[in-house]
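Only one structure is covered here, and it is reproduced in the block below.
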Amino acid sequence: MGSEKALEEQFQACIDADSRIEPRDWMPEGYRKTLIRQIAQHAHSEIIGMQPEGNWITRAPTLRRKCILVAKVQDEAGHGLYLYSAAETLGADRDDLLDMLHTGRQKYSTIFNYPTTCWADVAAIGWLVDGAAIMNQVPLTRCSYGPYARAMTRVCKEESFHQRQGYESMTALANGTPRQREMAQRALDRWWWPALMMFGPSDSESPNSAQSMAWGIKRFSNDELRQRFVDATVPQAHHIGLEVPDPALRHDGEHWISGEIDWAEFYAVMRGDGPCNRERIATRVQAHDEGAWVRTAAAAYAAKQTARKAAAA
Amino acid sequence: MSAQFPLWEVFVRSKRGLAHNHVGSLRAPDAELALRNARDVYTRRQEGVSIWVVPAASIVASSPDEKDSFFDPAGDKPYRHPTFYDVPEGLTHI
């Protein structure tokens with residue numbers, strides 16, 4: 001066993017060699033804490049993200065769309081589970097993490113504090129929100145922490161259908177009646193800017209980014225990923241005849257350059273003043289409390305069976 | 001919930017002829033629910049034909065702290081690999 005400094009050098013050498021850190025390896029406390037926070041917030045986003053879409057399951061326009069939506073929302077629950085498991089490998093306690101979500105001490109993505117007031121919002125979420133999430137998550141499959149990277153690989157594999165079904169659904173609306181077309185355009189108007197905000201503050205305002213890069217947790221800056229998303233998505237909007245709600249949007253020959261993001265809105269939603277912050281947490285806490293008897297019953301049944309087996313032996 | 005459900009490690013055989021691979025973990029009160037939950041969490045897209053769930057507490061693992069000394073004995077024995085040996089040029093099937 002070497003000194004702390006030697007251990008830290010060994011740790012950094014492992015990361016610099018593009019190898020992976022595994023659960024029982026020595027790691028700096030800051031690395032562990034940063035990862036627990038990031039993975040937990042990611043997990044929270046997955047399970048809170050079930051709400052805006054879950055809102056439309058009973059009202060999906062066709063059985064096909066309903067099956068797709070159920071599968072997608074179920075996937076989000078699964079993604080939450082992969083991520084909570086990954087956080088646990090770092091020594092985090094799952095109940096503590098949920099408690100921090102329920103009491104507002106840990107955040108989730110601001111995007112899920114916007115309402116889904118119309119069916120087209122569900123399409124826009126799949127296309128834009130899942131599209132942005134994939135852009136963020138693909139580099140995380142090469143994250144330096146093994147369990148997080150492996151969870152991301154599963155998530156990305158499953159999530160590619162989420163974006164496609166959203167775009168397909170948006171395309172159906174855009175090619176539909178004039179009213180459906182208007183629904184699609186308005187949904188794009190509502191979700192475009194919040195989707196761009198999903199990549200987080202500008203590089204200059206993101207104080208932890210440099211350390212996360214050095215630790216191999218982050219591979220690209222917020223602005224780089226946002227630019228990739230804009231470049232990928234603007235042509236998709238144009239392809240189905242929709243207009244991106246950004247009067248300053250222009251093409252500079254290589255990239256689509258968007259106008260200024262309203263960061264005041266981003267920080268307000270993050271502070272808790274988005275349209276649905278309180279509702280999302282209240283729904284989550286209610287589901288947790290109402291499920292308590294099921295967990296208690298399952299534990300009691302398991303204890304009874306164990307006791308019976310012991311008595312019979 | 002008073003105490004957390006135990007942790008289970010999940011292994012999935014993706015198809016006949018292949019070994020079970022570790023895919024992740026989950027918490028469940030007993031083995032039966034662990035299996036059912038593993039099916040729902042890890043095989044929603046026909047990723048498996050067989051699942052093992054193992055109580056995480058039952059796994060005995062080597063310690064990463066002693067990885068050098070623990071695996072050292074194999075380090076200086078290159079003669080265990082076929083590439084250690086010279087084979088005359090032009091010969092095949094050896």
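When reading the values below, keep in mind they use all heavy atoms of this one structure, side chains included, and skip hydrogens, waters and symmetry mates. A quick note: this is a predicted structure, and the numbers were derived from the prediction, not measured. Here is the naming used below: chain letters follow the sequence lines, and residue numbers restart at 1 for every chain.
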Taking [atom1] in [X] as the centre, count heavy atoms belonging to other residues, nucleotides or ligands within less than 6.0 Å. Is the count above 12?
X         : atom1 : result
Glu32(B)  : CD    : no
Leu91(B)  : CG    : yes
Lys77(B)  : NZ    : yes
Arg105(A) : CZ    : yes

- Task: With a 4.5 angstrom heavy-atom cut-off, could you sort out which part of Tyr301(A) is near chain B: side chain, backbone, both or neither?
- Result: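 For Tyr301(A), side-chain heavy atoms alone lie under 4.5 Å from chain B.
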- In terms of heavy-atom proximity below 4.5 Å to chain B, should Arg150(A) be classed as side chain, backbone, both, or neither?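 For Arg150(A), neither part sits under 4.5 Å from chain B.
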- For Gln4(B) and Glu88(A), what are the C-alpha separation, side-chain angles and deciding distance, and is it a side chain to side chain contact (heavy atoms under 4.5 Å, CB included)? CA-CA 12 Å; Gln4(B) 275 193 82; Glu88(A) 280 191 288; 4.0 Å; yes
- Task: Between chain B and each of Lys157(A), Glu158(A), Gln305(A), count heavy-atom pairs under 4.5 Å; write down the option with the most.
- Result: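 Greatest number of close heavy-atom pairs with chain B: Glu158(A).
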- Task: State whether the side chain of Arg24(A) and the backbone N or O of Ser62(B) hold a donor-acceptor pair below 3.5 Å, judged by distance alone.
- Result: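 Answer holds: yes.
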- Message: Quick one: does any side-chain atom of Ser85(A) pair with a main-chain N or O of Ser25(B) as donor and acceptor, under 3.5 Å?
- Response: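 Yes; judged by distance alone, with no hydrogens or angles, the pair exists.
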- Side chain, backbone, both or neither: which part of Ala56(B) has a heavy atom under 4.5 Å from chain A?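 For Ala56(B), no heavy atom lies under 4.5 Å from chain A.
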- Query: For residues Gln74(A) and Asp40(B), is any side-chain donor paired with an opposing acceptor at under 3.5 Å?
  - Reply: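 Judged by distance alone, the side chains do not pair up.
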- Message: Return the CG to NZ distance between Asp30(B) and Lys304(A), rounded to the nearest 0.5 Å.
- Response: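 Reported value, rounded in 0.5 Å steps: 11.5 Å.
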- Between Asp75(A) and Arg45(B), does at least one N-O distance fall below 4.0 Å, as a salt bridge requires?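 Here Asp75(A) pairs with Arg45(B) in a salt bridge, since their nearest N and O are under 4.0 Å apart.
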- Item | Atom of Arg44(B), atom of Tyr82(A) and distance for their closest heavy-atom approach |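 So the minimum-distance heavy-atom pair works out to NH2-OH, 3.9 Å.
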- Where is the tightest heavy-atom contact between Leu33(B) and Ala298(A), given as atom of each residue plus distance?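 Reported closest heavy-atom pair: CD1-CB, 4.2 Å.
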